[in-house]
Q: 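After the structure tokens below, expect a handful of questions from me.
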Amino acid sequence: MIRKDIIDLFRVPAGETIVRQGDFGASIYFLLHGSAVLRLRRFDGHEMVLGVLGPGTTFGELGLAGDRPRAATVTANADCELLEVARDA
């Protein structure tokens, strides 16, 4: 049985932040369409681009493991369609 209360399909316009490093989250994201940039802010304040995510990519899995902050920032590089699956409360 699919739990619709923990699944959300949504769109994000290019340039919008999907998850922010340091924020707490309790869900995983599946990138269905579009692309997103994965960035890490280092301790010295500089930002590193870790990669570009494309369709079929998942991110945010640490949020499913418990109350952990996001390890990186993910920003839509193009209009995106995502599936979000939240941790069961």
Side-chain angles (χ1 to χ4, degrees):
M1 175 185 286
I2 297 175
R3 299 246 340 255
K4 294 179 182 177
D5 60 321
I6 62 170
I7 298 174
D8 188 25
L9 179 66
F10 65 100
R11 295 181 182 184
V12 175
E16 186 171 309
T17 298
I18 303 166
V19 298
R20 187 174 311 281
Q21 183 178 346
D23 287 354
F24 284 84
S27 55
I28 186 171
Y29 297 86
F30 297 84
L31 182 56
L32 303 176
H33 299 286
S35 65
V37 178
L38 179 66
R39 291 186 173 89
L40 175 71
R41 182 168 300 278
R42 300 183 329 190
F43 293 110
D44 62 7
H46 290 93
E47 197 171 80
M48 290 177 18
V49 173
L50 300 177
V52 177
L53 310 176
T57 305
T58 61
F59 59 92
E61 60 277 359
L62 291 177
L64 295 178
D67 292 328
R68 293 178 150 178
R70 299 286 186 192
T73 296
V74 179
T75 305
N77 195 35
D79 292 346
C80 293
E81 185 174 34
L82 299 118
L83 182 69
E84 178 183 11
V85 179
R87 181 176 67 217
D88 192 6

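Keep in mind that this is a model prediction, so the values were computed, not measured.
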Q: Is there a path of hydrophobic side-chain contacts, each under 4.5 Å between heavy atoms of I, L, V, M, F, W or Y residues, that connects Phe10 with Phe30?
A: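 Not linked; separate clusters.
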Q: So, for Ser35 and Cys80, which heavy atoms are closest and what is the spacing to 0.1 Å?
A: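 Shortest heavy-atom separation between Ser35 and Cys80 comes out as O-SG, 3.2 Å.
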Q: Please step through side chain to side chain contact (heavy atoms under 4.5 Å, CB included) for the pair Thr73 and Arg41, ending with a clear verdict.
A: CA-CA 8 Å; Thr73 296; Arg41 182 168 300 278; over 6 Å; no
Q: So with a 6.0 Å cut-off around CZ of Arg20, is the heavy-atom count from everything else above 12?
A: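 No - once you tally the heavy atoms of other residues, nucleotides and ligands closer than 6.0 Å, there are 12 at most.
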Q: Side-chain heavy atoms nearer than 4.5 Å, only ILVMFWY residues, links allowed to pass through others: does that put Leu53 and Leu32 together?
A: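 Shared cluster, no.
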Q: Can you name the nearest heavy-atom pair linking Thr75 to Gly15, along with the distance?
A: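 Reported closest heavy-atom pair: CG2-O, 3.6 Å.
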Q: Mind checking whether Tyr29 and Phe59 have parallel, tilted or perpendicular rings, split at 30° and 60°?
A: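 The arrangement is parallel - the two ring planes meet at less than 30°.
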Q: If you compare all heavy atoms of Glu61 against all heavy atoms of Ile28, which two are closest, and at what distance to 0.1 Å?
A: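 Closest approach of Glu61 to Ile28, heavy atoms only: CB-CD1, 3.9 Å.
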Q: Kindly give the heavy-atom pair with the smallest separation between Gly22 and Pro69, and that separation in Å.
A: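 Closest heavy-atom pair between Gly22 and Pro69: O-CB, 3.5 Å.
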Q: Is there a donor-acceptor pair under 3.5 Å between the side chain of Arg70 and the backbone N or O of Gly60?
A: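 Looks like yes, one N/O pair under 3.5 Å.
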Q: Begin with the C-alpha distance, continue with both residues' side-chain angles, and end with the deciding distance and a verdict on side chain to side chain contact (heavy atoms under 4.5 Å, CB included) for Glu81 and Leu9.
A: CA-CA 7 Å; Glu81 185 174 34; Leu9 179 66; 3.9 Å; yes
Q: Tell me the closest heavy-atom pair linking Ala86 and Ser27, and the distance in Å.
A: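 Between these two residues, the closest heavy atoms are CA-CB, 3.6 Å.
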Q: Is there a donor-acceptor pair under 3.5 Å between the side chain of Asp79 and the backbone N or O of Pro13?
A: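 No, because the side chain of Asp79 does not come within donor-acceptor range (under 3.5 Å) of the backbone of Pro13.
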Q: Hydrophobic cluster membership, with links at side-chain heavy-atom distances under 4.5 Å among I/L/V/M/F/W/Y: are Met48 and Val19 in one?
A: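 The answer is yes; both residues are in one hydrophobic cluster.
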Q: Mind checking the CD1-CG spacing from Ile18 to Asn77? Nearest 0.5 Å is all I need.
A: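 One finds 10.0 Å between CD1 of Ile18 and CG of Asn77.
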Q: As an exercise, state the distance from CD of Gln21 to CZ of Arg39, rounded to the nearest 0.5 Å.
A: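 One gets 12.0 Å once the value is rounded to the nearest 0.5 Å.
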Q: If every non-hydrogen atom of Ala71 is compared with every non-hydrogen atom of Leu62, which pair is closest and at what distance?
A: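 That would be CB-CD1, 3.9 Å.
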Q: Which distance, rounded to the nearest 0.5 Å, do you find between the OG1 of Thr58 and the CG of Leu31?
A: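 One finds 9.5 Å between OG1 of Thr58 and CG of Leu31.
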